[in-house]
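Note sheet for the following structure.
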Amino acid sequence: MALPSCFLFFSLIFVTHAFDLSLIQMEAGTCPYTVVVMTSCLSPESTRDQISITFGDADGNQVHAERLGGSVKGTGSLGKCSTDTFQVRGQCLSSPVCSLYINGNGPDGWVPESIEIYAEGSKSVKFDFSKTVPKNTWYGQNNCNTTTGPPLSPKLPPPEKPVLPPPPHPRPSAASRGGGDVEKAFLAFVIATAVVFAAMVR
């Protein structure tokens, strides 16, 4: 009985180790970031706007957070004069954050006061705005050293614009309505001619 028990014990250790290893491999290449969003007091009381951000370093690495939500501190509604904290996972940056772009999609005109990014092993970086975010376009700041190339910009396209309903069918023109009147007049003329002809035959 000792051999089967020993075999079972080592099998359990192997399975547990394999599971832990798979988790490590799944998380490899990603790092956690804390995003603190302060909404301006010039912003509406509440917003239905969908806010996405992209931040990056001077080496061209970027982290994209699509439609911020599920805040770990604050209401997460990005309302007037509020502060909301979000947790984001993405590509590990090789140098401090130096650029940040916002994409706003919605009807309310959300106004950010500032956005601060916290990354493990480096100081937080704060970007001040206090301006309305243009709709359906990337808007932000690039403080990276770009002497070796053009300024960095988000690689991902903005959210798709809402699909507009098809235009209504055009009303019939006066000429087309007049065509019906001509047909009626012609039919009346044929009937009258037939009546006169019948009277003459009698």
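Along the sequence shown, the residues carry numbers beginning at 1. Values reported hereafter were calculated over all heavy atoms of this structure, with side chains retained and with hydrogens, waters and symmetry mates removed.
Panel note: side chain Ser40, backbone Glu113; no donor-acceptor pair is recorded below 3.5 Å. Checked by atom type and distance alone, the side chain of Asp128 never pairs as donor or acceptor with a backbone atom of Ser114 at under 3.5 Å. The closest donor-acceptor contact from the side chain of Ser52 to the backbone of Arg67 lies under 3.5 Å. In this structure, Asn105 contributes its side chain and Asn136 its backbone to no donor-acceptor pair below 3.5 Å. In this structure, the side chain of Asn142 engages the main chain of Cys144 through a donor-acceptor pair within 3.5 Å. When atom types are taken as modelled, the side chain of Asp59 and the backbone of Ser94 share no donor-acceptor pair closer than 3.5 angstrom. At least one donor-acceptor pair under 3.5 Å links the side chain of Ser82 to the backbone N or O of Gly79.
Side-chain contact check for Thr39 versus Val111: every heavy-atom pair is 4.5 Å or farther apart. For the pair Asp84 and Leu78, the minimum side-chain heavy-atom distance is below 4.5 Å. Using a 4.5 Å heavy-atom threshold, the side chains of Tyr118 and Val36 count as touching. The shortest distance between side-chain heavy atoms of Phe55 and Asn61 does not fall below 4.5 Å. Within the 4.5 Å cutoff, the side chain of Val35 has no heavy atoms near those of the Glu116 side chain. For the pair Val88 and Pro32, the minimum side-chain heavy-atom distance is 4.5 Å or more. Within the 4.5 Å cutoff, the side chain of Tyr101 has no heavy atoms near those of the Gln141 side chain. Looking at Phe127 and Ile102, their side chains never come closer than 4.5 Å, going by heavy atoms from C-beta outward.
Partners of Tyr33 according to the side chain to side chain donor-acceptor pair (under 3.5 Å) rule, which considers only residues two or more places apart in sequence or in another chain, do not exist here.
In this model, a donor atom of one side chain and an acceptor atom of the other lie less than 3.5 Å apart for His64 and Glu66. Side-chain polar atoms of Arg89 and Thr30 form a donor-acceptor pair below 3.5 angstrom. No side-chain donor from either of Thr54 and Trp138 sits under 3.5 Å from a side-chain acceptor of the other.
Across every non-hydrogen atom of Gly109 and Pro44, the tightest pair is O-CD, 3.7 Å. Closest of all the heavy-atom pairs between Thr137 and Pro134 is CG2-CB, 3.4 Å. Here the shortest heavy-atom pairing between Pro107 and Asp49 reads N-OD1, 3.1 Å.
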One pair to check against side-chain contact (heavy atoms from CB on, under 4.5 Å): Thr83 and Val37. What are the steps and the verdict?
CA-CA 6 Å; Thr83 300; Val37 180; over 6 Å; no
For Asn103 and Tyr139: C-alpha separation, side-chain torsions, deciding distance, then whether side-chain contact (heavy atoms from CB on, under 4.5 Å) applies.
CA-CA 6 Å; Asn103 189 299; Tyr139 167 79; over 6 Å; no
Could you walk me through whether Ile51 and Phe86 pass side-chain contact (heavy atoms from CB on, under 4.5 Å), step by step?
CA-CA 12 Å; Ile51 307 301; Phe86 303 90; over 6 Å; no
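Val133 is connected to Ile117 through a chain of hydrophobic side-chain contacts under 4.5 Å among Ile, Leu, Val, Met, Phe, Trp and Tyr, so both are in one cluster.
Here the straight-line distance linking atom CG of Leu68 with atom CD1 of Ile53 works out to 5.0 Å at 0.5 Å rounding. Interatomic distance, Gln50 CD to Asp108 CG, rounded to the nearest 0.5 Å: 11.0 Å. Distance check, rounded to the nearest 0.5 Å: OG of Ser122 to CG of Leu93 gives 8.5 Å. Distance check, rounded to the nearest 0.5 Å: CZ of Arg48 to OG of Ser77 gives 13.5 Å.
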